[in-house]
Structures are given as structure tokens and as C-alpha cells.
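First the proteins, then the strands, lettered A, B, ... as listed; each starts at 1.
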Number of protein chains: 2
Amino acid sequence: MMRVEPAAEKPADEGARGRFERIYQILRTRICLLDYEPGSRLREEDLADEFGVSRTPVRRVLVKLEAEGLLRSMHGVGTIVTDIDVSELAQVYELRVELAELVGKLSPAIIDEALVAQFRDIRARCDRLVAMRDPRLFSQINMEFFHLFTTLTTNEPLREISERLYYQTTRIWLKTAARLSSFDELLQNEFVIFQREVADITEAVEHGDLAAAGHVRRAHIAMSFSRIRRAAKPATIRTHLKTQYSED
Amino acid sequence: MMRVEPAAEKPADEGARGRFERIYQILRTRICLLDYEPGSRLREEDLADEFGVSRTPVRRVLVKLEAEGLLRSMHGVGTIVTDIDVSELAQVYELRVELAELVGKLSPAIIDEALVAQFRDIRARCDRLVAMRDPRLFSQINMEFFHLFTTLTTNEPLREISERLYYQTTRIWLKTAARLSSFDELLQNEFVIFQREVADITEAVEHGDLAAAGHVRRAHIAMSFSRIRRAAKPATIRTHLKTQYSED
DNA sequence: CATTCTTGTGTTGTGCACAACATCATGGGA
DNA sequence: TCCCATGATGTTGTGCACAACACAAGAATG
């Protein structure tokens with residue numbers, strides 16, 4: 001069975017909407033961090049028990065996750081985490097590349113000291129974490145940086161869509177990367193490149209040049225995908241690697 | 001009370017998924033054709049009665065529509081059709097313009113005779129309908145043409161997103177336009193312009209120039225919004241116009 | 001008369017029992 | 001030995017009763 005960290009604190013004063021949002025965020029994070037691997041099955045009743053509710057509110061969350069393409073429920077079969085092939089992944093990347101550039105072009109946000117400070121903070125933490133080679137840590141800070149990047153535009157639909165596509169791709173990226181025999185070196189390489197990306201974009205933001213930030217981001221997304229695709233060409237699989245993620 | 005056309009035929013052999021999809025499509029169409037006006041309230045039980053099911057499957061559809069930004073459910077209050085202001089509308093248009101161009105650039109579909117025939121068919125029907133000045137008819141053929149246009153790309157995520165943004169904007173466009181005192185002339189004008197757009201894009205497709213089709217579409221979306229905004233400037237409201245849509 | 005509390009009404013949210021469905025194992029027949 | 005039917009089992013989907021909640025009208029109070 002899969003192992004995930006427990007649901008942690010549960011605020012007692014949350015309403016129906018808060019509870020919905022909490023469960024939704026948790027499940028989405030688990031899917032994207034491969035706590036639930038693509039193709040694995042989720043049981044509504046298990047989730048209901050874990051969160052201390054009945055199946056009804058859980059189903060509501062699952063419907064939303066299905067609408068976002070992260071899950072697929074089938075009557076009488078189960079709810080499985082979606083898996084996509086490389087051609088679909090290529091399409092999503094193709095689109096993400098364009099949207100990244102648009103973040104720097106459409107409805108720019110006002111850049112104040114607080115925003116710059118956030119970028120500097122992530123940059124500093126990234127510099128500290130680069131030596132740790134922890135894929136989970138990499139995914140988390142990558143996710144955090146992504147959210148910060150999208151705040152560069154005030155175009156809310158653009159942010160929503162970018163977010164959705166991001167969550168669809170990162171887990172597949174991580175899954176593909178984790179299968180490579182050269183995973184350790186690849187991860188280290190990716191971490192260094194990501195460090196440079198954060199540095200470049202932070203400086204672009206400091207100069208108030210959002211278009212530059214968008215172009216840097218665009219280039220890095222495109223290169224990241226082409227690196228993965230090139231590395232995956234020989235299709236050298238290393239089995240039992242998933243022990244890195246679940247201690248069973 | 002609002003008047004909507006009855007739910008028509010109900011296939012007896014449809015499974016759970018088919019029923020879900022059917023109800024979803026019907027409700028989305030009603031929202032976008034202003035059968036349900038922005039701000040109006042929907043009752044789960046009414047919908048359940050109409051479709052001959054209980055509230056449970058209806059709620060599932062409502063959750064999906066809420067995830068797409070078309071509805072908003074509030075505990076103890078009701079589920080209301082969302083309404084957005086012009087600034088939000090501007091953001092969505094800003095994005096739709098870019099996506100339209102991308103449809104002509106990313107993962108082009110192969111253009112066969114069947115596809116060209118579909119464009120010619122819509123073009124012919126558009127030529128016939130231009131004189132009728134029926135806003136509902138205009139919306140329907142506009143919607144149909146939109147779907148055809150998105151088939152020019154095989155990039156599935158791009159099609160999904162374009163569709164979602166389209167459904168968010170058309171109803172607001174129609175609502176805004178319908179409030180103008182110059183609505184009749186505006187509609188006639190829009191219909192003629194749309195006719196030209198269909199003609200231009202059809203010819204671009206006939207020549208296999210998808211990039212051109214994308215540029216034409218982009219230009220028309222942008223101009224359409226700027227016309228609406230310009231016309232709405234004086235903010236001349238004509239009340240009781242909604243009688244055009246509900247015969248009460 | 002103004003203000004605040006209470007209560008009534010209507011809505012969405014939740015829990016639970018059961019139906020519908022898919023899958024697999026099992027056994028009987030050719 | 002193979003094939004198909006049939007039942008057992010486990011899952012999601014549905015219906016329904018009730019809880020939680022928001023809002024408005026009216027009563028009680030200053």
C-alpha cells in the first residue's frame with residue numbers, strides 16, 4: 001500500500017468551503033508529488049475515513065480533480081490517477097512555453113519591495129538546498145517558485161490556466177525523470193539549472209523587466225522538456241527506484 | 001420565472017457518464033445563451049425534477065460548472081450564475097486573443113476535404129442567416145463556428161482552454177450587447193462582420209494557411225471586444241429589453 | 001421610534017443505505 | 001483442454017432524510 005504523510009492539523013472552525021478547499025489542496029499536492037503514482041487507484045471510503053468525513057464531500061473534491069484532468073472515475077472500477085504519454089506531455093509543454101511568455105506580457109503586476117523580497121527569499125533558499133539532492137524538496141520549491149512567478153501578472157485567467165497545466169505536467173516530468181538510470185546526476189543538473197533560472201528571473205524582477213522574466217522562464221521550460229526527452233531516448237529503466245518515495 | 005425549452009429526448013440506454021455529460025451540456029448551453037441570466041439563482045431540486053433524477057447527480061454537474069467559473073454555490077443561499085465586470089472580461093479577452101493565434105501555430109491538424117466542407121457549410125448557412133437578426137441564432141452559429149475553428153489544432157489542452165474561456169465570455173458579451181440602446185444595429189453589424197470572418201477563415205483553411213486563419217481570428221476577437229467596449233462607453237441602458245429572450 | 005434578538009423559512013452540505021456496474025474466479029459443458 | 005456462463009466481490013453512482021447555514025421578518029426591549 002502507498003504511504004503518505006498524515007493529514008496534519010484540522011482547524012475546527014472551518015466551514016464547508018474551507019474543508020473542501022483543504023482536502024482539495026492536499027490531494028492535488030499528493031498527486032503532483034507522486035505520493036499517488038499515475039495509474040494507482042484511490043478509494044473514496046479510505047479518503048473519507050482519513051479526513052473524518054463521509055464519502056459525499058470527498059466525491060465533490062474528486063469531481064473537481066477529474067475536471068482538471070488529474071483523476072478519472074469509472075463506475076464499478078475505481079478512481080485512478082491519470083497517466084499521459086509523451087506526445088500529450090509535449091502538447092502541454094508546447095502550450096506552457098507560450099503561456100510563460102504571456103505572463104511577462106499581459107497585465108503586469110506592480111512590483112513592490114515585498115514582491116522582490118519574496119523572490120530574493122526563494123533564491124536564497126534555493127542556493128542553500130541545491131546540495132541536498134532531494135527530489136521531493138526540489139519539486140516543492142519548484143512548485144513554490146512557480147506560484148510566485150505567476151503573481152507577475154494580474155491576469156487571473158492566465159494564472160489559473162498556467163497553474164492547471166503546471167500541475168498536470170510536473171508529476172509526469174518527475175515520474176519520467178525518476179525512471180532514468182541517470183536520475184541522480186540529472187536531478188543535480190536540474191537543480192543547478194533551476195538555481196540559475198531563479199537567479200535570472202529574480203534579477204529581471206529587480207529591474208522591473210517582466211518581459212525578460214517571461215522570456216527566461218519560457219526558455220527554461222522549453223529546455224527542461226527537451227532535456228528530459230533527450231535523456232529518455234535510450235529508455236533505460238531503473239526498477240525499484242520508487243523506494244525513494246515510499247519506504248515500504 | 002425564467003423560461004427555458006424543455007430537456008427534449010432522453011435516451012433510455014445512457015449510463016451514468018452519459019447522463020452526466022448530457023445534463024452538463026444542457027446547463028452550460030443555457031448559461032451561455034442567457035436562458036439563465038448572470039446573477040440568477042438555480043435550485044438543485046428544480047433541476048433534479050426536470051431531469052428526472054435526484055439532487056445527487058445534479059450536484060455533480062454543478063460542481064464541475066463551478067470549477068469552470070460559470071456558477072457559484074453558497075451554503076444556505078443558493079447557486080447563482082456568475083457575473084463578471086468589464087475589467088475581468090478584458091482580461092479574458094486579452095488571453096483569448098493570444099490563444100486564437102496559437103491555434104494557428106501549434107500542432108496544426110491535417111486539413112482534409114471533410115474539414116474544408118464543414119467550413120464551407122457553416123459559411124453557407126451564415127450567409128443565409130445574416131438577414132434574420134436573431135441574437136439567439138447568432139450565438140448558436142457563433143458557438144458552432146468556434147468549435148470548428150478549434151479543430152484546426154490537435155493540441156488538446158489548447159482546445160480545452162480555448163473552449164472554457166469562450167464559454168465564459170460569450171454570455172457576458174451577449175448580455176452587455178443586449179443592454180445597449182443600439183442593440184439592433186449593433187447585432188446586424190456584428191453579424192455582417194462575423195460573416196466576413198467566416199469567409200476569410202474558410203478561405204485561409206482552403207489554402208491550408210492555418211497561421212493566417214489564426215491571425216484573422218485573433219484580429220476579429222480583439223476588434224469585437226473593442227467595439228463592444230466603445231459602444232458601451234455612453235452606458236445607455238435600455239430597460240425591459242430582456243423580453244427579447246423570455247416571452248413573459 | 002430605533003435597535004437588537006429571536007424565530008421561521010428556504011437553501012446547500014452531509015451521512016448513510018442501497019442500486020448499478022465491472023471484474024475476476026469458479027465450475028460446468030463441449 | 002478450451003470456452004462460456006454464472007455468481008461473488010468490490011467499487012462508484014443514486015436517492016433520501018437530516019444537519020448546517022444564511023437571510024429576512026417580526027417581536028421584545030431600550
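Remark on DNA chain D: of its neighbouring residues B:R17 and A:A16, the 5'-side contact belongs to B:R17, judged by nearest-heavy-atom nucleotide. Along DNA chain C, the nucleotide nearest to B:T56 and the one nearest to B:E44 differ in position, and the one closer to the 5' end is contacted by B:E44.
Applying the side-chain hydrogen bond (donor to acceptor under 3.5 Å, both in side chains) test to B:D121 and every residue at least two apart in sequence or in another chain returns B:R125. With sequence neighbours left out, the ring pair (Phe, Tyr, Trp, His ring centres under 6.0 Å) criterion links A:Y93 to A:F225. For the ring pair (Phe, Tyr, Trp, His ring centres under 6.0 Å) test, residues two or more places apart in sequence or in another chain that qualify with A:F194 are A:F138, A:F145. For B:Y24, the ring pair (Phe, Tyr, Trp, His ring centres under 6.0 Å) test picks out no residue, with sequence neighbours left out. Every residue meeting the ring pair (Phe, Tyr, Trp, His ring centres under 6.0 Å) condition with A:Y166, not counting sequence neighbours, appears here in chain and number order: A:F146. Scanning for side-chain hydrogen bond (donor to acceptor under 3.5 Å, both in side chains) contacts around A:E88 gives an empty result, with sequence neighbours left out.
Pairs of residues two or more places apart, or lying in two chains, that qualify as salt bridge (Lys or Arg N to Asp or Glu O under 4.0 Å) and include a residue from residues 163-172 of chain A are A:R28-A:E163, A:R164-B:E160.
Residue B:R43 is classed as a sugar-phosphate contact, given heavy-atom separations below 4.0 Å to backbone atoms only. Residue-level contact check: A:R55 touches the bases, meaning some heavy atom is under 4.0 Å from a base atom.
First and last contacts of DNA chain D with chain B, using any nucleotide atom under 4.0 Å from a protein heavy atom and ordered 5' to 3', fall at D:dG13 to D:dA22.
With A:F20 as the aromatic partner, A:R60 meets the cation-pi criteria of under 6.0 angstrom to the ring centre and within 45 degrees of the ring axis.
Of the residues in residues 60-78 of chain B, those lying under 4.0 Å from DNA chain D by heavy-atom distance are B:R60, B:H75, B:G76, B:V77.
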